[in-house]
Structures are given as C-alpha cells and as structure tokens.
Amino acid sequence: MAPNALLAETNTNKNSLEARYPLVAEDLARVKTSLLAILKPEAAILAENMQLSLSNTGKLFRPALLLLTAKACGAQHATNADIETAAVAELIHTATLIHDDVLDDAELRRGEPTLKHLQGNKIAILSGDYLLAQASLKLSTLNHCRLVAIYAHVLSDLCDGELLQLQQERDVTVTWDAYLRKTQCKTATLFEACTESAGVIHQQPEAIIEALKAYGRHLGLAFQLADDLLDFTSDSEKLGKPALGDLQHGLLTAPIILALDATKHDSTAHQALTARIEDIFSQESDASSDTAIQALLKTLEEEGYLEKARQLALEHAEHACQSLSVLEDTPYRQALEDLARHAVQRLA
Ligand code: FPP
Ligand code: MG
C-alpha cells in the first residue's frame, strides 16, 4: 500500500476514534502511527499481511484504556512511553487474534476474512510471531524493566489461558473457578496490564497501582462474560463471526457452567443437562445439532442462567468502577467508568 494510503487510513480512523474516545483521540492517532511504522518486514507477503492486520485493528480499546488511565492518574500529556506501551498492547492483542483464528480454524473475524483463511496457517502463525517480535522491540526501546515484566507475564498468561481452554474443551465437569482462571489469563490479564502500566509509567503509589489493576481485571472479566453471552444471544452479522460458535467448538462458557454448577446437588437434573451437552458435542455441526443448541439456549434462558451471567457481568463492571474511587473524580476517570459500563451495556 502506498504511504499516502496509509495516511488516509490513519485519518479515517482518527475520525471514528474522535467519536469513540474524544478525550484521547489525538493520542490514539499517535498510537496508530506508531503501529503503522513497524511495517518493515523483508518478506513482501509479511508486509502485506501486517498492513491488513494493523489497518483492521478495530476499536483500539486497549490503547484507549492505557491512555485514559494515564490521564486519570494526572498526566497532562501522553508521554512517548504511554504511546509506545499502548502500541505494544495492541500488537500483542492483534497477534493473539491471528493465532487464535488458526487454533479455531476461523474464517471470519470482525466481519472480515481472517489471515488464516486468506493465507493459510504457516503464514498466519509467522505473521502473529512477527507482531510479537515487534512488540518486544518496541518495549526494549523504553528501557523500563517493570514494563518488560508486565508484558512478559501477559504473554505467559495468554498461552496458559489458551491451554486451559484446550484442556476444558468438551469437559462437562469444568468448574466455575476453572472458568474464571482461564478467563483471567485469556482476557483480563491484558486489560490489567494496560491499566497497571499506565500507573507504573506515571509513578503512582503501589496502592493506586493495585486499584488500577483491580479495575482492569474486573473490566476484563465483565467484557468476557458479556462476550460469552453475546455468542448465545446475538446474531452472526452483529458479531462479525458465526453466532453460537462457542458450543459448536466444544467450549463451555459462563451460562452453561453456571447451570452445571447449580444442578450439582440434583443428580437427575445434572445428568440430564450433561447428557444434552454431550449429545451436542457428539454431533457434526448440522441442522440437528443446531436444533439441540437452540433447545439448550431456550432452557438456559427460561431457567435464568443467561440472566445470571448478565448479572455477574454487571457486578464485575460495577466492581471495576468502584476500584477507581481512589482516583480524583475527573472526566478521565468518568470515561474509564463509561468504558466498563459500556462493556456490559452491549447486553441490554
Ligand atoms: C480471543 O478470544 C482469543 C484470545 C483473547 C487469546 C488467544 C491466545 C492465544 C491464541 C495464545 C497465543 C498467545 C500469544 C501470545 C500469541 P475468544 O477465543 O474468546 O474469542 P473469539 O470467539 O473471537 O475467537
Ligand atoms: Mg477464539
């Protein structure tokens, strides 16, 4: 892509960033520029893929989280460390999605064909690896050991989370605690790193950094619970990927695990539910498995497990907001509270 096309891309996104995150839109445009500046792999195919992946970075949610937290901590302007660390978070996020699409054999993400679908597994894996390598390089320019440790932990947790998920696949004995542990690793850890690193960059007291981490963690859990529910209740067009995909992939998410947990003391109900889930797992994905999934969805709705998962998402969002009470009440803190509430408003 020609350089002026890159600029046009940046400007177009800046407009939507302005609407989405007015308080940090200028800073996010700098993050976008930083992301596009890494497009220098020698292999042409990799260069093309980087352009594709980075121009489809979606909402820059994680960079916005970091930048709003920095300003909620009193930073007047986003520093170079804020911008580059925000870019690192987005690079890691983009790499995990590229790898996740290989693991899920996914054809669509955000309504677009995945790199795995367009170029195959080998190139998708190498492209994700390249983004991770670029994230490490970026972090190394900041000369900040604690930031390196934070993002090294993130990488480790992401792999752990995905492995836990693999272990839990088609396992009807999975517990709520195991689900939470997986969700913490797979989703919440990167949110937590964004808010923690803003506190670290702006040299906040440890008690404040702990509160920022708690905000990021609860936001991440609320976000994932909402995502789990939307997989059941939304449609493929809105999701930009096939709906009801989790169950079809053998993944037990919040509403079902809550139902399994709640029926544990009623062995007849528990066995009946377990049998229905195992039956879905044993079928090829076709019309009859769709009917079984729809029937299970109806039960989950009628017996209140969708609502219970929604309540838990709301509780985590509220907990996230409460964690911020250690900060001064500024428009930046309010914007962070809005982010948490918005994550679950998607469920209204
Ligand atoms: C998307 O969520 C996936 C993740 C948040 C984590 C993916 C992690 C890996 C692939 C481990 C590899 C790690 C690194 C560091 C590259 P989802 O699967 O719940 O959502 P989806 O339905 O959109 O796929
Ligand atoms: Mg996935």
Side-chain angles (χ1 to χ4, degrees), residues 49-50 53 56-59 61-62 65 88-117 121 123-136 138-139 148 150-169 174 179-194 216-217 219-257 309 313 343 346:
N49 290 340
M50 293 306 95
S53 303
N56 190 21
T57 43
K59 298 172 265 183
F61 187 83
R62 289 150 190 81
L65 186 59
V88 165
E90 189 65 19
L91 286 169
I92 292 175
H93 173 58
T94 308
T96 61
L97 295 186
I98 293 174
H99 282 185
D100 192 58
D101 290 334
V102 172
L103 292 170
D104 289 352
D105 205 9
E107 291 188 6
L108 276 182
R109 180 172 292 279
R110 299 176 184 139
E112 301 286 340
T114 61
L115 208 52
K116 178 245 142 42
H117 183 61
N121 285 347
I123 287 177
I125 289 169
L126 285 169
S127 301
D129 288 348
Y130 185 81
L131 292 183
L132 291 177
Q134 289 293 329
S136 308
K138 242 184 212 315
L139 210 48
V148 173
I150 290 172
Y151 286 92
H153 277 295
V154 165
L155 294 180
S156 173
D157 275 358
L158 281 164
C159 294
D160 251 359
E162 203 62 18
L163 286 166
L164 285 172
Q165 181 165 304
L166 271 178
Q167 265 171 32
Q168 292 173 11
E169 223 173 77
V174 66
Y179 165 82
L180 278 183
R181 174 81 194 117
K182 176 211 67 175
T183 306
Q184 164 70 37
C185 284
K186 205 185 82 170
T187 309
T189 195
L190 186 52
F191 287 73
E192 193 176 318
C194 288
R217 184 163 60 252
L219 171 67
L221 293 173
F223 193 90
Q224 188 61 50
L225 283 163
D227 252 25
D228 285 1
L229 264 169
L230 288 171
D231 188 70
F232 279 110
T233 58
S234 193
D235 57 52
S236 304
E237 201 186 334
K238 282 198 201 118
L239 291 174
K241 61 182 181 182
L244 296 171
D246 289 339
L247 208 47
Q248 261 150 8
H249 285 107
L251 202 62
L252 293 171
T253 59
I256 299 187
I257 300 174
R346 301 181 290 161

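Numbering of ligands and ligand atoms starts at 1, following listing order. Computed over heavy atoms, backbone and side chain alike; hydrogens, waters and symmetry mates excluded.
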Any N/O of T187 closer than 3.5 Å to an N/O of ligand 1?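 Among all N and O atoms of T187, none is under 3.5 Å from an N or O of ligand 1.
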Does ligand 1 come near enough to T96 that some N or O of the ligand is less than 3.5 Å from an N or O of the residue?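 No, T96 has no N/O under 3.5 Å of an N/O on ligand 1.
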What's the atom name of the N, O or S in D100 nearest to the Mg ion (ligand 2)?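 The Mg ion (ligand 2) is closest to the D100 atom OD2, counting only N, O or S.
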Quick check: of its N, O or S atoms, which one does D104 have closest to the Mg ion (ligand 2)?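 Restricting D104 to its N, O and S atoms, the minimum distance to the Mg ion (ligand 2) goes to OD2.
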If you define the side chain from C-beta out and look only at heavy atoms, does anything of I256 sit under 4.5 Å from L247?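 Side chain of I256 against side chain of L247, heavy atoms only: contact under 4.5 Å found.
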Consider only side-chain N and O atoms of Q165 and K186, and report whether a donor and an acceptor are under 3.5 Å apart.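 Judged by distance alone, the side chains do pair up.
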Select the closest option to atom 2 (O) of ligand 1 among E162, K186, R109, judged by heavy-atom distance.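 Nearest option to atom 2 (O) of ligand 1, by heavy atoms: K186.
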L108 side, atom CG; H117 side, atom NE2 - distance, nearest 0.5 Å: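 Rounded to the nearest 0.5 Å, the CG-NE2 separation comes out at 7.5 Å.
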What's the spacing between Q224 CD and Y179 OH if we round to 0.5 Å?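 Answer for the CD-OH pair, Q224 versus Y179, is 5.5 Å.
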Which of the atoms in ligand 1, numbered in the order shown and given with their element, are less than 4.0 Å from a heavy-atom of [X]?
X    : value
H99  : 10 (C), 16 (C)
L103 : 10 (C)
L158 : 11 (C)
L155 : 15 (C)
L132 : 16 (C)

Looking at E90 and R62, is there a salt bridge between them, counting it only when a charged N and a carboxylate O are closer than 4.0 Å?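 The answer is no: the pair does not qualify as a salt bridge.
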Backbone, side chain, both or neither: what part of D104 comes under 4.0 angstrom of ligand 1, heavy atoms only?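 The part of D104 near ligand 1 is the side chain, not the backbone.
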Using the side-chain hydrogen bond (donor to acceptor under 3.5 Å, both in side chains) definition, which of the options D100, D104, T114 pairs with R109?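 Checked D100, D104, T114 against R109; only one passes side-chain hydrogen bond (donor to acceptor under 3.5 Å, both in side chains): D100.
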Taking all atoms of both residues into account, what is the closest heavy-atom pair of I98 and A124, and its distance?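 Closest approach of I98 to A124: CG2-O, 3.2 Å.
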Do side-chain atoms of D157 reach the backbone of Q184 as a donor and acceptor pair under 3.5 angstrom?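 No: the side chain of D157 does not pair with the backbone of Q184.
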